[in-house]
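Beneath this line is the structure, given in structure tokens, with notes to follow.
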Amino acid sequence: MGTHNINFSEQFEFTGRVKTLSIVGIALGIAAVAYGFIAGDKVMHERTFANLLLMGYYFACVCMSGMFFLAIQFVAQAGWSASILRVPQAMAKTLPIAAVILVVIISAGLYTHNLYHHWNAEGLTDPNSPHYDSIIAGKSVFLNVPFFLGRQVVFLGVYSIFAMLFVKLSYNEDLAGGLNSYRKSFKNACIFLVIYGFTTPIFAFDTIMSLEAHWFSTMFGWYNFAAMWVSSLATIAIILILLRRAGYMQWVNNSHLHNLGQFIFGFSIFWTYVWFAQFLLIYYANMPEETVYFYRRFEYYKFWFFLNLAMNFLAPVLLLMDRDNKRTDAKLLFVSIVVLLGHWVDYYQMIMPGAVEDGHNGFGIVEIGTAIGFVGLFTFTVLTALSKKPLIAKNHPLLQESLHHQL
């Protein structure tokens with residue numbers, strides 16, 4: 001496609017069936033959550049909170065990784081992606097909303113004792129209490145409600161500030177041109193990546209690993225990073241393919257899809273590497289305080305355990321190994337959807353055993369409805385953000401390289 005045929009003012013119009021379906025999805029999600037709280041007992045309340053945490057964390061992680069994608073492109077001075085940056089920018093712009101929702105869910109779960117009850121129950125740190133737990137007492141300096149919530153607010157707040165800064169600089173670049181905004185983006189991306197690299201594992205330790213506070217793994221942070229990163233790549237691929245099918249962003253070619261397919265393929269293998277390394281070390285050492293993590297998943301979540309591996313390793317590796325599959329939008333779209341669903345399964349078997357009593361896990365209206373609600377919310381917020389500005393960063397200094405990108 002020649003550059004003379006490109007409409008540099010092209011904007012996405014968020015109207016019609018997509019907007020209606022996203023609102024319906026939000027309404028179904030609210031109804032499912034209300035059903036879980038009104039119609040259920042204490043166990044159902046825990047399940048509902050666990051699903052809210054799952055989807056709130058997933059929502060925030062995908063938006064965070066959209067910003068991580070932007071930062072990587074700036075630091076690498078990548079040219080291939082210059083024409084598709086508005087999609088991850090829309091995800092980054094949505095991060096403050098996702099951050100507020102996640103903090104509200106965590107706060108409500110803490111103060112109702114429906115989440116993090118392994119370390120937040122009464123008497124666990126009191127030596128005179130019959131419920132005293134020496135392990136939890138030893139971790140109480142780190143795992144206490146004020147410090148825990150403070151870390152969540154600081155981490156998500158800093159990520160949100162950088163997200164809005166990247167978006168603002170890109171829009172300024174559209175207006176003023178030149179290299180000033182690009183250079184500022186490069187410098188801020190360097191700072192952000194250092195902060196993100198150090199804080200993302202702690203964020204995962206806090207939000208997910210502390211659900212089972214006796215157990216710990218130093219690899220858990222990178223395991224979560226791999227999951228959120230590949231999920232974000234799949235989301236970007238899905239949005240681009242669907243926009244192109246709707247008649248937008250016709251400058252996106254099969255080489256751009258190929259690059260995204262390569263990333264999804266490669267980081268699916270990386271996710272599997274970290275998952276298996278963690279599993280193998282625990283299996284080989286065979287220490288009760290470590291094996292309890294996988295025992296509970298074998299005992300109560302065996303189907304989800306193996307489905308996780310099938311969807312997040314076998315599917316992307318086998319289906320994206322072929323070059324043509326990475327360049328075919330229908331096949332890449334299918335794999336990306338499988339990967340997104342697969343990492344829902346991944347988070348499900350991460351969160352549920354620590355949030356719901358053994359043997360009381362389930363899959364039904366609350367799980368499906370909450371997931372649909374957050375998909376609707378993500379669609380509504382991201383596409384609303386995407387519709388506010390032109391779909392191409394017309395003054396990006398590497399735009400021509402992206403428009404002529406060929407592999």
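- With respect to the salt-bridge test (charged N to carboxylate O, under 4.0 angstrom), the residues Arg327 and Asp322 do not qualify.
- In this structure, Phe363 and Trp304 have tilted ring planes: the angle between them lies in the 30° to 60° band.
- Expressed to the nearest 0.5 Å, how far CH2 of Trp251 lies from CG of Leu391 amounts to 5.0 Å.
- Side-chain contact between Val345 and Met311 is present, with heavy atoms from C-beta onward closer than 4.5 Å.
- Relative ring orientation between Trp119 and Tyr116 is described as tilted, the plane-to-plane angle lying within the 30° to 60° band.
- Distance alone, capped at 3.5 Å, places no donor-acceptor pair between the Thr370 side chain and the Leu52 backbone.
- A salt bridge is defined here as a Lys NZ or Arg NE, NH1 or NH2 lying under 4.0 Å from an Asp or Glu carboxylate O, and Lys389 with Asp174 fails to meet this definition.
- Look at Lys394 and Glu173 and you find no salt bridge, because none of the NZ, NE, NH1 or NH2 atoms lies under 4.0 Å from a carboxylate O.
- A search for ring pair (Phe, Tyr, Trp, His ring centres under 6.0 Å) contacts involving Tyr57 returns Phe203, Tyr347, not counting sequence neighbours.
- Note that Lys19 lies outside the cation-pi zone of Phe380, set by a 6.0 Å cut-off to the ring centre and a 45° limit from the axis.
- Salt bridge Arg297/Glu212: present, at least one basic N to carboxylate O contact under 4.0 Å.
- Between Leu398 and Tyr182 there is a side-chain heavy-atom pair separated by less than 4.5 Å.
- Heavy atoms only, all atoms of each residue included: Phe142 and Asp206 are closest at CE2-OD1, 3.2 Å.
- In the model, Thr199 has a side-chain atom that pairs as donor or acceptor with a side-chain atom of Tyr159 under 3.5 Å.
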